[in-house]
Amino acid sequence: MRALLFLFAFFSCAILAGMVSNLIITGSLTIVEGKGLAEQKLGSIILTVGIVAIMVIALTVIFRRFIDRRSVKSMGFHWSPFQADAFTGFNLGITLLGTATLLLHATGNLVWSAAHLNASDLLKGFILMALIALIEEIVFRAYILNNLLQSLQKWVALGVSAAMFTLAHASNPGISTVAVANLLLAGALLGINYIYTRNIWFAVFFHFSWNFIQGPVLGYTVSGLPLQGILQPDLKGPWWVTGGSFGLEGSFIITCLLALTLLFLYFIYEKNADKTIKAS
């Protein structure tokens, strides 16, 4: 019940943040009159996400301290000794995207049409993706999955949290059946480390590197959100291979890579868990 209530509060915060952001942007149109539409839209998105971040942090503190009656840090914010998990998560995002990109290029579905390096665009992309990764991991792993693990078997809790994560992205532009499957797999992959370690940093760093490398660096659409990337990809082929308007996350190639990675991590974590039990 706490998880459901928190999810409802999160959606309410997102809607309210969008309304506040629109009011601020509308009230300052004369200031941004010289900017392009795409730049104004990106600015509006960053502002909205920034407002959501403030609301989510406040909401999390209130729920954790006064409803759960536990410390915020106990949600999984301990940095030591989980630096290796964070490093693994960061590199995993780069590895999966790099593999998918090479496969698309090798099959003739991807060519690079141009390269564009703009420090301002890259910084905005960095800030946006860092905020999104932190917000969504606080909501769906640190709070929701943490609470579900208190009353449900760990795999059921992971499945429910992944379904909630998917639901939060259900209205994204260009979403497809493959994209829904990938969101479910991504939600499970982001949470599998948490159910064994109760620590959030693997998921935060994986989520950040996945989004940042995918959009601001490689130039793909990120969950339906178009961003200016350093590279300009020219995708050709069926939507279920390229991902269509949803971006690479709507590709069946990503489905296979996420599923294989999830199975690999399952065997690794289970093996380590067995060793810990035997040693004790």
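Heavy atoms only: backbone and side chains are in, while hydrogens, waters and symmetry mates are out.
- A side-chain donor-acceptor contact under 3.5 Å links Glu136 and His169.
- Across all non-hydrogen atoms, the minimal contact from Lys236 to Asn109 is O-ND2, 2.6 Å.
- Of all the heavy atoms in Asn193 and Asn199, the pair that sits closest is OD1-O, 3.7 Å.
- With ring centers used as reference points, Phe202 lies 6.0 Å or more from Phe90.
- Figure legend: cation-pi geometry between Arg141 and Phe165, with NZ or CZ positioned under 6.0 Å from the six-membered ring centre and within 45° of its axis.
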- request: Run the numbers on Asp68 and Asn147 for side-chain contact (heavy atoms from CB on, under 4.5 Å), then give the verdict.
  value: CA-CA 9 Å; Asp68 296 3; Asn147 268 272; 3.3 Å; yes
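- Side-chain contact between Phe140 and Leu145: absent, with no pair of heavy atoms (C-beta onward) separated by less than 4.5 Å.
- For Asp234 against Ser113, the heavy-atom pair with the smallest separation is CB-CB, 4.4 Å.
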- prompt: Would Phe246 and Asn182 satisfy side-chain contact (heavy atoms from CB on, under 4.5 Å), going step by step from the backbone distance to the final call?
  reply: CA-CA 11 Å; Phe246 193 74; Asn182 288 346; over 6 Å; no
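- Side chain of Ser176 to main chain of Ala179: a donor-acceptor pair is present (N/O by atom type, distance under 3.5 Å, no hydrogens or angles).
- The side-chain heavy atoms of Lys154 and Leu149, taken from C-beta on, include a pair separated by under 4.5 Å.
- Side chains of Thr60 and Phe6 form a contact here, defined as non-hydrogen atoms less than 4.5 Å apart.
- Scanning all heavy atoms of the two residues, the minimum distance from Ser74 to Arg64 falls at OG-NH2, 2.9 Å.
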- request: Output, in order, the C-alpha distance, side-chain angles, deciding distance and verdict of side-chain contact (heavy atoms from CB on, under 4.5 Å) for Ile138 and Tyr143.
  value: CA-CA 6 Å; Ile138 288 175; Tyr143 192 86; 5.5 Å; no
From CA spacing to verdict: side-chain contact (heavy atoms from CB on, under 4.5 Å), Phe205, Phe87: CA-CA 7 Å; Phe205 276 77; Phe87 181 78; over 6 Å; no
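- One hydrophobic cluster holds both Leu92 and Phe267 under the rule that ILVMFWY side chains link at heavy-atom gaps under 4.5 Å.
- Ile253 and Tyr220 fall within a single hydrophobic cluster, where Ile, Leu, Val, Met, Phe, Trp and Tyr side chains are chained together by heavy-atom contacts under 4.5 Å.
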